[in-house]
Engineer: 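Attaching a single structure in structure tokens format; questions to follow.
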Amino acid sequence: MTEPSIPPRPAGYDKKVALVLQGGGALGSYQAGVYGALSTTDYLPDWVAGISIGAINAAIIAGNPPDRRVDQLRRFWQTVTTPPAWQRWMGGTAWITPETRRYLGSTAAMMFGQAGFFAPHPPAAWMLAGPKTSDYDTGALKGTLESLVDFDRINAGAGPRLSVGAVNVRTGNFAYFDSAESPLRVEHIMASGALPPGFPGVEIDGELYWDGGLVSNTPLQYVITKIPRSSRLTFQVDVFPARGSLPRTLEDVAEREKDIRYSSRTRAATDAIRTSHDLRHNINTLWDKLPADLKDTPEGRFLYSYGCVTTMDIAQLIYRPEDGQGHTKDYEFSRATMEERWAQGHRDATATLVASPWLAPMRSDLGARTFDVVLNQRQAATNV
């Protein structure tokens, strides 16, 4: 039995492609798997945007030529999931249960940090250097990013446009750093992932910034609404599912609370974006039917300013593991878990590409459509 193939992208489907990556720490290897599936298709993004770990993945994608991106993503994720010495001495984790592996992985991250990413401040630093504003030091991440990301390539516009979000600590305002508007440096990527109190804020041009996920965990709205707008297919990759099973233990409660907290912002933003773009689209359609005397009024001109001729397709890819991962899943960096998440991202993206629902004709009254192929397939299988 042959596997279904991905239909070729028709010349008539001329929408630009964006890749939008949510924050979620160790869960970001799912996003890398998604890009791995996209990398061999006609849907290479011309714009990548991310928050937190999504910003790191996005920078690696934008900062490398197409033939090196997956390899560089793999290098990053293998680096930050390097097994600690005690684990190598014990012969890995294949002999223990997944639950124990996840517990040991998250505990090791808290106690010792992760190679090439973050490390706890040494005791002497707490005693001799005065108060700290973070639990960990992220100096290792700077070196890792500089070895994997060509910022000259990004700033020269040789690859996809890159946008990352962070929060100004002093003002509380959200800020996007966009390669289409100003040069980006490694500090911009680190600022997007500087989640307090674990990680220290990052100074950029005299201001201190924290993780963008404190305000919005997805850059979808920025990509869809940024002017000038273009009709676009956006692959929205989220790592916290809104839907889930009823919790049976306190551990389940903690995981479910985290999923709802981080997914709710994304879901609300997606719903609002779809509604507002439908409104823009219908304003534009209505405008052509208005008599000239109504168009030439303050109200008419105000209405016209909100119209838009573009249409948007949003393909949602959401990490939904078969079994519970625990509330520590976003800082559980074991190698085996990373590989599982990467593989699931690749499978989900492949299933979505095979279905390619965006190729169906779009209703004339719609300005934006959303698709969740994997959820629909799971629901269909359950109802059989």
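This structure is a prediction, so every number in the text was calculated from the model and none was measured. Along the sequence shown, the residues carry numbers beginning at 1.
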Engineer: Verify the cluster assignment for L366 and V309: are they in a single hydrophobic cluster under the rule of side-chain heavy atoms below 4.5 Å apart?
Structural biologist: no

Engineer: Is the side chain of N155 donor-acceptor paired with the backbone N or O of L184 at a distance under 3.5 Å, no angle test?
Structural biologist: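 Here the side-chain-to-backbone pair exists.
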
Engineer: Please identify each residue that fulfils salt bridge (charged side-chain N to carboxylate O under 4.0 Å, His left out) with R170, with sequence neighbours left out.
Structural biologist: E207

Engineer: Determine whether more than 12 heavy atoms belonging to other residues, nucleotides or ligands lie under 6.0 Å from atom NZ of K16.
Structural biologist: no

Engineer: Would you find a donor on one side and an acceptor on the other, under 3.5 Å apart, between the side chain of S192 and the backbone of I189?
Structural biologist: no

Engineer: Between F177 and Y209, is the ring centre distance below 6.0 Å?
Structural biologist: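 So the answer is yes for these two rings.
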
Engineer: Does a sphere of radius 6.0 Å around CZ in R301 hold more than 12 heavy atoms from other residues, nucleotides or ligands, not counting ones at 6.0 Å or beyond?
Structural biologist: yes

Engineer: Looking at H121 and D137, what are the two nearest heavy atoms and their distance?
Structural biologist: CE1-CB, 3.8 Å

Engineer: Are R75 and Q72 close enough, and set up right, to give a side-chain hydrogen bond (donor to acceptor under 3.5 Å, both in side chains), and what steps lead you there?
Structural biologist: CA-CA 5 Å; R75 279 186 60 196; Q72 294 292 73; 3.2 Å; yes

Engineer: Count I, L, V, M, F, W, Y as connected when their side-chain heavy atoms are under 4.5 Å apart, and connections chain through other members. Are L353 and V17 then in the same cluster?
Structural biologist: yes

Engineer: Can you give me the closest heavy-atom contact between Q236 and L220, atom names plus distance?
Structural biologist: OE1-CD2, 3.4 Å

Engineer: Before giving the answer on salt bridge (charged side-chain N to carboxylate O under 4.0 Å, His left out), spell out for K258 and D330 the whole-Å C-alpha distance, their side-chain angles and the decisive distance to 0.1 Å.
Structural biologist: CA-CA 10 Å; K258 182 173 285 188; D330 50 342; 3.0 Å; yes

Engineer: Side chain to side chain contact (heavy atoms under 4.5 Å, CB included) with L375: which residues, sequence neighbours excluded?
Structural biologist: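 Only R243, R320, D372, Q379 meet the side chain to side chain contact (heavy atoms under 4.5 Å, CB included) criterion with L375.
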
Engineer: Checking R335 against W77: charged group under 6.0 Å from the ring centre and within 45 degrees of the axis?
Structural biologist: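 Not satisfied by the 6.0 Å and 45° rule.
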
Engineer: I'd like to check the salt bridge (charged side-chain N to carboxylate O under 4.0 Å, His left out) partners of D365; sequence neighbours left out, ordered by chain and number.
Structural biologist: R363

Engineer: Could you go through D259 and K329, starting from their C-alpha distance and side-chain angles, then the distance that decides it, and tell me whether this counts as salt bridge (charged side-chain N to carboxylate O under 4.0 Å, His left out)?
Structural biologist: CA-CA 10 Å; D259 284 343; K329 61 186 177 182; 2.7 Å; yes

Engineer: Please work out which of the three classes, parallel, tilted or perpendicular, describes the rings of Y176 and Y222, given edges at 30° and 60°.
Structural biologist: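 It falls in the parallel class, under 30°.
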
Engineer: Test side-chain hydrogen bond (donor to acceptor under 3.5 Å, both in side chains) on S179 and E181 and set out the steps.
Structural biologist: CA-CA 5 Å; S179 66; E181 298 179 349; over 6 Å; no

Engineer: D14: which residues meet the side-chain hydrogen bond (donor to acceptor under 3.5 Å, both in side chains) condition with it, sequence neighbours left out?
Structural biologist: none

Engineer: Side chain of T171, backbone of N173: donor and acceptor closer than 3.5 Å?
Structural biologist: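 Pair found, side chain donor or acceptor close to backbone of N173.
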
Engineer: Identify, with sequence neighbours excluded, every residue that meets side chain to side chain contact (heavy atoms under 4.5 Å, CB included) alongside P291.
Structural biologist: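 Result, side chain to side chain contact (heavy atoms under 4.5 Å, CB included) vs P291: D293, L294.
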
Engineer: Over all heavy atoms of both residues, which pair between V149 and A59 is shortest? Give the atoms and the distance, please.
Structural biologist: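 The answer is CG1-O, 3.5 Å.
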
Engineer: Considering residues at least two apart in sequence or located in another chain, which fulfil the salt bridge (charged side-chain N to carboxylate O under 4.0 Å, His left out) criterion with D135?
Structural biologist: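 Partners of D135 by the salt bridge (charged side-chain N to carboxylate O under 4.0 Å, His left out) criterion come out as none, since no residue qualifies.
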
Engineer: When you group the ILVMFWY residues by side-chain heavy-atom contacts below 4.5 Å and let the links chain together, are I6 and V374 in the same group?
Structural biologist: no

Engineer: Taking 4.0 angstrom as the limit, do R185 and E146 come out as a salt bridge?
Structural biologist: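 Salt bridge absent between R185 and E146.
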
Engineer: Please determine which of L317, V373, I318 meets the side chain to side chain contact (heavy atoms under 4.5 Å, CB included) test together with D348.
Structural biologist: L317

Engineer: Using the test side chain to side chain contact (heavy atoms under 4.5 Å, CB included), find all partners of D211 that sit at least two apart in sequence or belong to another chain.
Structural biologist: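 Residues passing side chain to side chain contact (heavy atoms under 4.5 Å, CB included) with D211: I51, S52, L195.
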
Engineer: Using every non-hydrogen atom in the two residues, find where T225 and Q221 come nearest and quote the distance to one decimal.
Structural biologist: OG1-O, 2.6 Å

Engineer: Looking only at non-hydrogen atoms, find the nearest pair between R69 and P160 and report the distance.
Structural biologist: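 For R69 versus P160, the nearest heavy atoms are NH2-CD, 3.3 Å.
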
Engineer: Please collect all ring pair (Phe, Tyr, Trp, His ring centres under 6.0 Å) contacts where either partner lies in residues 32-72, sequence neighbours excluded, each pair once.
Structural biologist: Y43-W358

Engineer: Partners of Y103 by ring pair (Phe, Tyr, Trp, His ring centres under 6.0 Å), sequence neighbours excluded?
Structural biologist: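 Expected list: none.
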
Engineer: Is it true that M362 and Y13 fall in one hydrophobic cluster, defined by side-chain heavy atoms closer than 4.5 Å?
Structural biologist: no

Engineer: What heavy-atom pair brings K226 and R229 nearest, and what distance separates the two atoms?
Structural biologist: O-CG, 3.3 Å

Engineer: Among all residues two or more places apart in sequence or in another chain, which pass the side chain to side chain contact (heavy atoms under 4.5 Å, CB included) test with P228?
Structural biologist: none

Engineer: Mind checking whether I260 and V253 sit in one hydrophobic cluster, side chains of I, L, V, M, F, W, Y counted as touching below 4.5 Å?
Structural biologist: no

Engineer: Verify, without hydrogens or angle tests, whether T328 (side chain) and Y331 (backbone) share a donor-acceptor contact under 3.5 angstrom.
Structural biologist: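 The answer is no, because no donor-acceptor pair under 3.5 Å joins these two groups.
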
Engineer: Pair F199, F118 - check side chain to side chain contact (heavy atoms under 4.5 Å, CB included), show working.
Structural biologist: CA-CA 8 Å; F199 297 165; F118 61 94; 3.6 Å; yes

Engineer: Using side-chain heavy atoms (C-beta onward) and a distance below 4.5 Å, is R153 in contact with F151?
Structural biologist: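 Side-chain contact under 4.5 Å: no.
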
Engineer: By salt bridge (charged side-chain N to carboxylate O under 4.0 Å, His left out), which residues pair with E251, not counting sequence neighbours?
Structural biologist: none

Engineer: Got a sec, which residues hit side-chain hydrogen bond (donor to acceptor under 3.5 Å, both in side chains) with E340, two or more places apart in sequence or on another chain?
Structural biologist: R101

